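In what follows, residues are counted from 1 in the order of the sequence shown. None of these values were measured; they are calculated from a predicted model.
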Amino acid sequence: MMNRFSKTSAVTALLLALPVSVTAPPVLAENGTQPGTAPLGESKSAKTKMLEAGAKLLQSNDPLKEFDIYLVGFHPMKDHPENQMEAHHYCHQVNEDFAQCVLFDGNTEDANLNGIEYIISEKLFATLPKEEKKYWHPHNGEILSGQLIAPNIPDIAEKALMKEKMNSYGKTWHVWNTGFYKGTPADLLPLGDPMLGWSFNRDGEAMPGLVEERDRKMDINTMEIRKKRDDLHKFANPQSGVDDLKGKFGRPFQDIPGVVDKKSVNN
C-alpha cells in the first residue's frame with residue numbers, strides 16, 4: 001500500500017485517471033455512525049474544558065496525524081463468534097508491510113475507542129512463529145465479500161487500496177464491549193479481558209442484519225461493492241485462519257470464491 005493513502009492522495013489518484021475535461025467529484029464527509037453506548041461519568045466541567053482548550057493550543061498530537069486511512073468492517077470475537085460488531089478503523093500505514101489502527105464504535109466525535117488492530121503483509125505473516133499465527137485473521141474474505149470498505153474515497157482509489165490489502169492479516173484486540181449486534185449488552189466501562197477479534201470468511205457467518213444496517217447508515221451497497229471487486233479474485237492466495245471458525249456460527253454458510261484456507265490446499 002502507498003505510505004500515505006489519505007483522502008488527499010486518493011483524490012490525486014482520481015484526477016490522474018480522469019480526462020482533463022472532466023471535473024472530479026468532491027470528497028464527501030462520511031455519513032454519521034453514532035456509538036451505541038456512552039461511558040459512565042459526570043459531564044465535563046468548565047475547568048476540564050479550559051484545560052483541554054489550553055492543551056490544544058500548546059501541545060502537539062503528532063503521533064495521531066498519520067492515522068489518515070479510514071476503513072469500516074466487521075469483527076466476530078474468536079472465542080465467542082456470536083458476539084459481532086461493526087468496527088471503524090483509523091489507520092496509519094507505517095511502511096509497505098505494516099499498518100496500525102485504532103478502532104472505534106462509530107465515526108462521530110463521541111465515538112468510543114474500543115480496540116486496536118495491527119495489519120501485516122503476507123510476507124511478514126510468513127515470518128511469524130506457528131504459535132503466534134493463531135492470533136492473526138485473514139483479510140481476503142472481508143475484501144472479496146465487499147464487507148471491508150474505505151468510505152467516500154473515489155472508486156479507483158478504494159480499489160487500489162483493497163488490492164494492496166489482499167492476502168494481508170490483522171491482529172485485533174477489542175478491550176471494550178460497546179455493543180455487540182443483537183448480542184451481549186454493552187458495558188458502560190471497559191471491563192474484563194481483551195477479546196480477540198476475527199474475520200468473516202464465508203457468506204452467512206455475519207449475523208442477519210449486521211451488514212445491512214451498516215449499509216443503511218452509511219448509504220452504501222455491499223453487494224454492488226462486491227461485484228466491483230470481482231477482478232480481485234485472481235490475486236487471492238490461500239490464507240491461514242480461514243477455517244478457524246468454520247461451522248461455528250450456527251447458520252448455513254457458503255464459500256466465497258477465492259477465499260481458501262491453506263490447510264485445505266496442503267492436505
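Considering only heavy atoms from C-beta on, T222 stays 4.5 Å or farther from S145 through its side chain. Side-chain contact between E122 and S168: absent, with no pair of heavy atoms (C-beta onward) separated by less than 4.5 Å.
With respect to R202 and D243, a salt bridge is recorded, a charged nitrogen being found less than 4.0 Å from a carboxylate O. A salt bridge links K159 and D231; the closest N-O separation between the charged side-chain nitrogens and carboxylate oxygens is under 4.0 Å.
Taking the six-membered ring for Trp and thresholds of 30 and 60 degrees, Y90 and F104 have ring planes more than 60 degrees apart, a perpendicular arrangement. In this structure, Y169 and F125 have parallel ring planes: the angle between them is below the 30° cut-off, well short of the 60° mark.
Heavy-atom minimum distance, A206 versus Q147: CB-NE2, 4.4 Å.
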query = What do the steps show when you test E158 against R229 for salt bridge (charged side-chain N to carboxylate O under 4.0 Å, His left out), and what is the final call?
reply = CA-CA 10 Å; E158 190 193 43; R229 298 179 185 174; 3.4 Å; yes
task = Given salt bridge (charged side-chain N to carboxylate O under 4.0 Å, His left out), test K65 with D62 step by step and report yes or no.
result = CA-CA 5 Å; K65 289 179 180 177; D62 288 349; 3.0 Å; yes
ask   = Checking side-chain hydrogen bond (donor to acceptor under 3.5 Å, both in side chains) for the pair N114/T178: CA distance, chi angles, key distance, verdict?
value = CA-CA 7 Å; N114 61 8; T178 54; 3.0 Å; yes
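For E117, there are no salt bridge (Lys or Arg N to Asp or Glu O under 4.0 Å) partners at least two apart in sequence or on another chain.
A side-chain contact (heavy atoms from CB on, under 4.5 Å) with I143 is found for exactly one of L161, L232, I149, namely L232.
Side-chain contact of N167 with N140: a donor-acceptor pair under 3.5 Å is present, judged by distance alone.
Cation-pi check for K171 over Y118 is not met; the charged atom does not lie both under 6.0 angstrom from the ring centroid and within 45 degrees of its normal.
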